[in-house]
Protein chains: 2
Amino acid sequence: MNTQEINNWQAVHEEVRRRIHARDWKPGDLIPNEADLAREFGCARATVNRALRTLADAGLLDRRRKAGTRVALHPVGKAVLDIPVIRQEIEGCGMAYSYVMLDRITEPAATSQQARLRIRAETPLLHVTALHLADGRPYVLEDRWIDIAVVPDATNAPFDTTSANEWLLAQAPYTHGDIAFSAVALPEMAALALKARPAAAAFRIERNTWDNDRAVTAVDLYFAPGYRMQTQL
Amino acid sequence: MNTQEINNWQAVHEEVRRRIHARDWKPGDLIPNEADLAREFGCARATVNRALRTLADAGLLDRRRKAGTRVALHPVGKAVLDIPVIRQEIEGCGMAYSYVMLDRITEPAATSQQARLRIRAETPLLHVTALHLADGRPYVLEDRWIDIAVVPDATNAPFDTTSANEWLLAQAPYTHGDIAFSAVALPEMAALALKARPAAAAFRIERNTWDNDRAVTAVDLYFAPGYRMQTQL
DNA sequence: TCGCGTATTATGTCTGCACATAACAATCTG
DNA sequence: CAGATTGTTATGTGCAGACATAATACGCGA
């Protein structure tokens, strides 16, 4: 027999997962309560709790107090994307990373940035444009705005060898942010920098980060055509 | 004073987060060990453990046995994407969902599908093409291949009113999968179905799901131009 | 000085118990 | 009978103590 004791939370996790998968417990079914499972598996309720909580986090179970635990109707695929620092992403693929700053000026916020960062028109922003390369080939174009009022040190940072990306991570903490992925026709200037055909389909990431209610920075990343962002389910 | 007792894991979580944010503990710093923190906060080590574990899961801390816990150098943004059923995604936006099946044939696997699903050439696949609409406008084109050998019931499913998407979720369990996001120029047939300009930049999701080592299904989703996939950090 | 085994230490997890909290069920009251 | 009150139940979380595990630090011998 392979029925060794199920006395750690990973084993409980796996066994419950197996039962769901084997359709012993079908979507929508109420499963036994923690105390019963603990007794069945011969472990403490806390152990069962941890396993079920983890499964609920993963979207396989729905749990409600008193109502009990049931198998999720729609096992919502939750994909966890790591958003790595670009340098690490490139080096992680075994390619040589290099970086070129293309432009760096201080300018009043454009209308689109005002809305995005929820700032007033006269706010001066530091606008940095840079290119990240993998094995010498353009990989992604970084178009970034930084609120100088929130990150005053940025005025003195040259960004000529270290990307704003990494500098900000190390220097400017943030409390939350939002991120959006989309496909766009490459603007002409971006195409030029990336050595791609203008209007080619490019993967874009827009990201804004906030320190409490103050916008720290907004970035647009235009990836060279062919880029794929991949993960496991 | 607002120094009320920190005796639950959320409070510890918040306090640690605050200290990281306030740069009391800077990126790379070793923070006090669990036992010390528990003493400081006046709670049990298990409580501190849960808070720190959660923060580590979120990517803010790096933990290694014996080496201790340190503030992550690169607070890797881990974006958790919900991959909802398309119908729910549309209805969640307050739009009316509708669905049209465009095509449904059984055919031998094309070379590209063979590689993707790791199957032999002669394997027959059920190929279903369908359109999901929001408020009557094309939203996403679903191009799906199903291995009949793995999901025999699929042969009898008409897929004319319920999308293969939902049918599979309810009928065919899977153990794992992979998903990739990219931008592509819309193929002519897809553009036609989506009523978009051919070669327009479209957001594409490729997803493969597996039941242990057998491929269940592969799907390509072509979203209508303008689609944005969004989440919080 | 170099290598290797051992001691130390921080995290990882289990147990058994307790109480908190949410939600549904049953019952009481006007 | 309607609406409020109370009871019951399942999950959520806390605590103290124990042992497991991994990785570093130290000391010993060649």
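Quick note: numbers below take in every heavy atom, side chains included, and nothing from hydrogens, waters or symmetry partners. All chains are named by letter (A, B, ...) in the order of the sequence lines, taking the proteins before the strands, and each is independently numbered beginning at 1. Keep in mind that what you see is a predicted model, and the values were worked out from it rather than measured.
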**Student:** More 5' along DNA chain C: A46(B) or T69(B), using each one's nearest nucleotide?
**Tutor:**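 Taking each residue's closest nucleotide, the earlier one in sequence belongs to T69(B).
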**Student:** Counting only side-chain N and O atoms of T47(A), is one of them less than 4.0 Å from OP1 or OP2 of dT15(C)?
**Tutor:**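 Yes.
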**Student:** In whole Å, what is the span from the NZ atom of K66(A) to the C1' atom of dA20(C)?
**Tutor:**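 Between C1' of dA20(C) and NZ of K66(A): 16 Å.
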**Student:** What integer distance in Å separates R70(A):CZ from dA23(C):P?
**Tutor:**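 From R70(A) CZ to dA23(C) P: 15 Å.
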**Student:** From dT11(C), dA22(C), dT15(C), pick the nucleotide closest to the side chain of R65(A)?
**Tutor:**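 The answer is dA22(C), which lies nearest to the side chain.
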**Student:** Can you find a side-chain donor-acceptor pair between Q88(B) and Y97(B) that sits under 3.5 Å?
**Tutor:**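 Checked: Q88(B)/Y97(B) side chains show no N/O donor-acceptor pair below 3.5 Å.
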**Student:** Please give, in whole Å, the distance from dG16(C) P to E34(A) CD?
**Tutor:**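 Taking CD of E34(A) and P of dG16(C), I get 15 Å after rounding.
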**Student:** Mapping A67(A) and W9(A) onto DNA chain C by nearest heavy atom, which one lands closer to the 5' end?
**Tutor:**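 Closer to the 5' end of DNA chain C: W9(A).
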**Student:** To the nearest Å, give me how far apart CG (N49(A)) and C1' (dA18(C)) are.
**Tutor:**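 Rounded to whole Å, this separation is 14 Å.
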**Student:** If only atom types and distance count, is the side chain of Y139(B) paired as donor or acceptor with the main-chain N or O of L131(B) below 3.5 Å?
**Tutor:**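 No, because the side chain of Y139(B) does not come within donor-acceptor range (under 3.5 Å) of the backbone of L131(B).
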**Student:** Atom CD1 of I146(B) and atom CG of L126(B): how far apart are they, to the nearest 0.5 Å?
**Tutor:**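 Answer rounded to 0.5 Å: 5.0 Å.
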**Student:** In whole angstrom, give the distance that lies between atom CG of L61(B) and atom P of dG12(C).
**Tutor:**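 Rounded to whole Å, this separation is 11 Å.
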**Student:** Taking the six-membered ring for Trp, are F203(B) and F203(A) parallel (under 30°), tilted (30 to 60°) or perpendicular (over 60°)?
**Tutor:**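 F203(B) vs F203(A) ring planes: parallel.
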**Student:** In terms of side-chain heavy atoms, does R144(A) have a donor or acceptor partner in T217(A) at a distance below 3.5 Å?
**Tutor:**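 Looking only at side-chain atoms, T217(A) and R144(A) do form a donor-acceptor pair, the distance falling under 3.5 Å.
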**Student:** Taking atom C1' of dC24(C) as reference, at what distance in whole Å does atom CG of L30(A) sit?
**Tutor:**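 Value for this atom pair: 13 Å.
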**Student:** W210(B) ring centre to R118(B) NZ or CZ under 6.0 Å, with the angle to the axis within 45°?
**Tutor:**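 Checked: cation-pi criterion met.
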**Student:** Hey, where on DNA chain D does chain B first and last touch, going 5' to 3'? Cut-off is any atom under 4.0 Å from a heavy atom.
**Tutor:**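 Both ends considered, the range comes out as dT13(D) to dT24(D).
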**Student:** Whole angstrom is fine here: how far is it from CD in Q10(B) over to P in dT21(C)?
**Tutor:**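 One finds 12 Å between P of dT21(C) and CD of Q10(B), rounded.
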**Student:** Quick check for you: to the nearest 0.5 Å, what is the distance between D211(A) atom CG and H176(A) atom NE2?
**Tutor:**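 Interatomic distance, D211(A) CG to H176(A) NE2, rounded to 0.5 Å: 9.0 Å.
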**Student:** Tell me which nucleotide among dA18(C), dC14(C), dT13(C) gets nearest to the side chain of R45(A).
**Tutor:**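 So the side chain of R45(A) is nearest to dA18(C).
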**Student:** Phosphate oxygens OP1/OP2 of dC24(C): is one of them under 4.0 Å from a side-chain N or O of R64(A)?
**Tutor:**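 Looking at the OP1 and OP2 atoms of dC24(C), one of them is under 4.0 Å from a side-chain N or O of R64(A).
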**Student:** Nearest-Å distance, CG (D36(B)) to P (dT9(C))?
**Tutor:**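 One finds 12 Å between P of dT9(C) and CG of D36(B), rounded.
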